[in-house]
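Before anything else, here's the structure in question.
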Protein chains: 2
Amino acid sequence: MTAEVGPRRRSDARDNRERILAVARLAFATEGLDVPLREIARRAEVGAATLYRHFATKDALLSEAFAEQMETCSAIVAEGLATPDPWQGFRLVVERLMELHALDRGFARVFTSRLPEAVFAADRDRTLRMLLELVGRAKKAGPLRRDFVIEDLSLALMANEGIRAESPATRVAASRRFAALMLQSFMADPVAAPLPPPVRLPLTRA
Amino acid sequence: MTAEVGPRRRSDARDNRERILAVARLAFATEGLDVPLREIARRAEVGAATLYRHFATKDALLSEAFAEQMETCSAIVAEGLATPDPWQGFRLVVERLMELHALDRGFARVFTSRLPEAVFAADRDRTLRMLLELVGRAKKAGPLRRDFVIEDLSLALMANEGIRAESPATRVAASRRFAALMLQSFMADPVAAPLPPPVRLPLTRA
DNA sequence: ACCGTAACGGAACACCCCGTCCGGTTGACT
DNA sequence: AGTCAACCGGACGGGGTGTTCCGTTACGGT
């Protein structure tokens, strides 16, 4: 799936493609999905048509741009699954996923929606299976409440998306506290643990 | 501020105004804030200009449309404050506010943003003061964790907003479970209590 | 050095939105 | 009934977005 030589491509085209992807990733991450394609083209110093020649539609661009993050998700879950203590693994997954989603608004949005573009479906399913396994272990080991369902994680991630803030830093800080709260509520025999510092939330304008 | 007779108005105009408000409330509640004004005008069987004559700008319409819900919020908090057991009061407030916000997406959005249109500022501040009082009592009584800050409620409400679903019913169900989870994490000496039923989340498309 | 063709970029298309202006219509008071 | 202000709906201008058209450029193999 990578580095197929394919028909010899012109090198400038290849460069443009990379540049567009890089710019798009940054833009979507920091500004969300509704960044105009024109703007991305402009920042990549490319005409609109060029962008469309490389990515037939906006969705296509989104899929490609987020493939990387999708793999990061997989990796996070895999790491959680590899952690000896299932609860620690679960906790790590929740914290890391939420942080990732807080840092990349666009990806968060795509992740909780469904753009079942083939690119995603595979990773998604694999990740989901690993998650189910991890959840099973964490329940069996005791700390995760028995009535937890995988949808509760979706719920938590969607909710995490709702957290808006002026700066990414603020958003991450708020998200961190939120993750700690959620984790607390996921415990079978909860113990009130200290939380990350509260965040002053200067409500966003839009 | 209400029912000023003012200069005799034509009755048809008055009717139109009411109809527009009713339609707008419904539309904003079920579809969010970005319903085109034209669409609202169309549903109210009124021309665009008519709508603008009654409400100078979209923000003006929003303010008027949500004034009612804003009062409902106040009422909820007041009721919570009037509840003998502070924790029960707090719990009631969280549950009711979240349900209200789940039922009315538009209002939720306006509430967690700041449209400090004079109409709101007053209610908002009053409500906030009551909330602080309630939080203080709930902490003093014991059940609410000491490191809870009022921003955590904002956080929870924003997060609640992130919960998307196809139907309002699904959204409310999901929101209910979410509220229960959050309440659990707000407790100083948490006891894992049963949760509302989990919700299958057929991820939304957009 | 040359030239075919892949790749390019700006402008144009089609659509949607907010907010305003205009000529015809209708309610209410005399 | 008559009159006039207030109201009405439709058309208009300005701005924005995803996507496509088409004349032009410049890569890269010979």
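In what follows, chains carry the letters A, B, and so on, assigned in the order in which the sequence lines appear, proteins first and then strands, with residues in each chain numbered from 1.
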When the distance from CG of B/L51 to P of D/dC7 is rounded to whole Å, what number comes out? 14 Å
In whole Å, what is the span from the CG atom of A/D15 to the C1' atom of D/dA26? 14 Å
Would you tell me if any nitrogen or oxygen in the side chain of A/T50 comes within less than 4.0 Å of OP1 or OP2 on C/dG9? yes
Any residue meeting side chain to side chain donor-acceptor pair (under 3.5 Å) with B/D125, in chain and number order, not counting sequence neighbours: none
In chain order, what residues pass the side-chain contact (heavy atoms from CB on, under 4.5 Å) check against A/Q88, with sequence neighbours excluded? A/T83, A/D85, A/R91
Whether A/R129 and A/E133 form a salt bridge (side-chain N of Lys/Arg under 4.0 Å from carboxylate O of Asp/Glu) is what I want to check. no
Before giving the answer on salt bridge (Lys or Arg N to Asp or Glu O under 4.0 Å), spell out for A/E39 and A/R42 the whole-Å C-alpha distance, their side-chain angles and the decisive distance to 0.1 Å. CA-CA 5 Å; A/E39 183 59 20; A/R42 202 182 58 72; 2.8 Å; yes
Could you tell me the separation between the CZ atom of A/F55 and the P atom of D/dT20, rounded to a whole number of Å? 15 Å
Starting at CD of B/E45 and ending at P of D/dG10, how long is that distance when rounded to a whole Å? 12 Å
Is there a donor-acceptor pair under 3.5 Å between the side chain of A/R105 and the backbone N or O of A/P168? no
If the sugar-phosphate is the primed atoms plus P, OP1 and OP2 and the base is the rest, what is the B/S/- string for nucleotides 16-21 of chain C, using protein heavy atoms under 4.0 Å? -SBBBB
Here the distance between atom P of C/dA6 and atom CZ of A/R17, to the nearest Å, is 18 Å
Within the pair A/N16 and C/dA7, is there a side-chain N or O less than 4.0 Å away from OP1 or OP2? no
Could you tell me whether the phosphate oxygens of C/dA7, OP1 or OP2, come under 4.0 Å of any side-chain nitrogen or oxygen in A/H54? no
I would like to know whether A/R164 and B/T112 meet side chain to side chain donor-acceptor pair (under 3.5 Å); could you show each step before the answer? CA-CA 9 Å; A/R164 306 184 306 271; B/T112 58; 3.1 Å; yes
